[in-house]
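These values consider heavy atoms only, across backbone and side chains, with no hydrogens, waters or symmetry-generated copies. Note that the structure is a prediction, hence the values are computed from the model and not measured.
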Amino acid sequence: MRVHHLVGAKERGEKLTMLTAYDAVTARILDAAGTDMLLVGDSLGNVMLGYDSTMPVTLDEMVVATRSVASAATRALVVADLPFGTYEAGPEQALASAARLMRVGANAVKLEGGRPRAQTVKLLSDAGIPVVGHLGFTPQSVNKLGGFRVQGRGEDAQEALLADAVALADAGAVAIVLEMVPAPVASRITQAVPVPTIGIGAGAGCDGQVLVWTDMAGMTDWTPRFVRRFGQVGQALHQAAQDYNAAVQDGSFPGPAESFEA
């Protein structure tokens, strides 16, 4: 999957798939399953590092995760998040941060925000770095937004989101994530921009969908309303660990098949 394939899929009406990945083992499995895009999200903080939000995630942490995912992916487009504090100061800061992620194997970077980010998107695009935008609920702005709230309700908010999406596309964004946006609003944006929209809690009218893989696979006790669990990996892992513990404790593991002769 390459950047030009994204627009081609939109033109043909083919839905795109994106899942998060943070390590080589998971990336290899998701890539082999045919996932179009692997997002090395700053959700790394919540999912893998035990943070209570994405805010503490550093660029160094994103570099390690991106290198791991890129090393395992052979088909999927690897998109890496620019974490909080690594691009807000302006286009030059964003370029330096994005270059680090691209050097370790990212195929594109993702950043949050609309029209205020258009100049940054243009500079990165002109530098040969594909950019995925992110509108609607933007986790790095959770404090400003007043919590985890649906965005784009009301005519003014809808028009602002549409203007943001058009500005990002005009600046060179190759795709736009729409998070927690009313389905009719997301559909309108999808029809208005020439690049694919990737929805998360934004209805079926987007050109593709993205989920955090641990939510999708049933690894967590709680999931957002917009998540569907497509497996029970957490339950299977729990059972496997219980079986292992029992086998060690009763002496049945290791057995002859797992042992070496003198």
Side-chain angles (χ1 to χ4, degrees), residues 1 15-58 60-81 83 104-106 110 137 139-140 142 147-148 177 179-180 198-201 208-262:
M1 179 65 66
K15 295 290 188 178
L16 293 161
T17 61
M18 174 187 274
L19 287 168
T20 63
Y22 315 104
D23 61 85
V25 173
T26 307
R28 188 173 294 110
I29 293 170
L30 301 180
D31 184 72
T35 310
D36 295 318
M37 292 171 279
L38 296 179
L39 173 62
V40 189
D42 58 2
S43 50
L44 167 79
N46 311 76
V47 176
M48 304 298 291
L49 302 179
Y51 302 153
D52 60 3
S53 74
T54 65
M55 304 293 280
V57 176
T58 67
D60 286 343
E61 290 167 337
M62 290 301 302
V63 165
V64 172
T66 300
R67 181 186 290 115
S68 300
V69 171
S71 71
T74 61
R75 176 188 179 276
L77 187 81
V78 176
V79 182
D81 267 340
V104 296
K110 182 171 75 65
F137 174 71
Q140 293 174 12
V142 63
F148 293 82
V177 170
E179 181 168 358
M180 293 178 63
I198 310 299
I200 177 168
Q209 298 293 325
V210 58
L211 286 176
V212 172
W213 89 262
T214 49
D215 291 338
M216 177 277 299
M219 290 281 284
T220 53
D221 295 330
W222 174 87
T223 57
R225 173 186 169 184
F226 53 77
V227 169
R228 180 186 298 179
R229 293 185 178 186
F230 290 86
Q232 292 297 334
V233 177
Q235 180 179 330
L237 180 58
H238 178 84
Q239 185 62 56
Q242 281 191 324
D243 292 346
Y244 165 76
N245 293 337
V248 171
Q249 290 161 0
D250 67 18
S252 63
F253 177 81
E258 297 94 14
S259 302
F260 298 99
E261 298 179 359

Review point. Are the side chain of Thr20 and the backbone N or O of Trp213 linked by a donor-acceptor pair below 3.5 Å?
Key: yes
Review point. Among all residues two or more places apart in sequence or in another chain, which pass the side chain to side chain donor-acceptor pair (under 3.5 Å) test with Thr223?
Key: none
Practice item. Write down the atom of Leu30, the atom of Ala21, and the distance for their closest heavy-atom approach. Key: CD1-CB, 4.3 Å
Practice item. With sequence neighbours left out, write down each residue that passes side chain to side chain donor-acceptor pair (under 3.5 Å) with Ser71, or none if nothing qualifies. Key: none
**Study point:** Pairwise distance CD1(Ile198) to NZ(Lys15) - rounded to 0.5 angstrom
**Key:** 9.5 Å
Exercise for review: Could you pull out all residues at least two apart from Ser43 that satisfy side chain to side chain donor-acceptor pair (under 3.5 Å)?
Suggested key: Tyr22
Point to revise | Summary of salt bridge (charged side-chain N to carboxylate O under 4.0 Å, His left out) pairs that have at least one residue in residues 17-32, sequence neighbours excluded | key: none
Exercise for review: Please name all residues satisfying side-chain contact (heavy atoms from CB on, under 4.5 Å) with Pro56, sequence neighbours left out, ordered by chain then number.
Suggested key: Tyr51, Ser53
Review point. Checking side-chain contact (heavy atoms from CB on, under 4.5 Å) for the pair Arg229/Leu211: CA distance, chi angles, key distance, verdict?
Key: CA-CA 10 Å; Arg229 293 185 178 186; Leu211 286 176; over 6 Å; no
Point to revise | salt bridge (charged side-chain N to carboxylate O under 4.0 Å, His left out) contacts in which one or both residues fall within residues 35-51, not counting sequence neighbours | key: Asp36-Arg75
**Study point:** side chain to side chain donor-acceptor pair (under 3.5 Å) contacts touching residues 235-246 (sequence neighbours left out)
**Key:** His238-Gln242, Gln239-Asp243
Check your understanding: Roughly how far, to the nearest 0.5 Å, is CG of Leu19 from CD of Gln209?
Key -> 11.0 Å
Revision key, fill the gap. OG1 of Thr17 to CE of Met1, rounded to nearest 0.5 Å, is 7.5 Å
**Study point:** Sequence neighbours excluded - salt bridge (charged side-chain N to carboxylate O under 4.0 Å, His left out) pairs with any residue from residues 246-262
**Key:** none
Revision key, fill the gap. Correct closest heavy-atom pair for Gly234 and Met219 would be N-SD, 3.5 Å
Review point. Got a sec, which residues hit side chain to side chain donor-acceptor pair (under 3.5 Å) with Glu179, two or more places apart in sequence or on another chain?
Key: His134
Review point. Which atom pair, heavy atoms only, marks the closest approach of Ala65 to Val40?
Key: CB-CG1, 3.7 Å
Exercise for review: Output the distance between atom CE (Met18) and atom CD1 (Ile200), rounded to the nearest 0.5 Å.
Suggested key: 10.0 Å
Revision key, fill the gap. On a heavy-atom basis, the closest approach of Ala76 and Thr35 is CB-O, 3.4 Å
**Study point:** Interatomic spacing from CG in Asn46 to CG in Asp52 - rounded to 0.5 Å
**Key:** 7.5 Å
Check your understanding: What's the shortest heavy-atom distance between Val78 and Ala70, and which atoms?
Key -> CG2-CA, 4.3 Å
Point to revise | Straight-line distance of Leu49 CG to Thr58 OG1, nearest 0.5 Å | key: 8.5 Å
Study note, to complete from the structure: So the salt bridge (charged side-chain N to carboxylate O under 4.0 Å, His left out) pairs with at least one residue in residues 210-225 (sequence neighbours excluded) are none
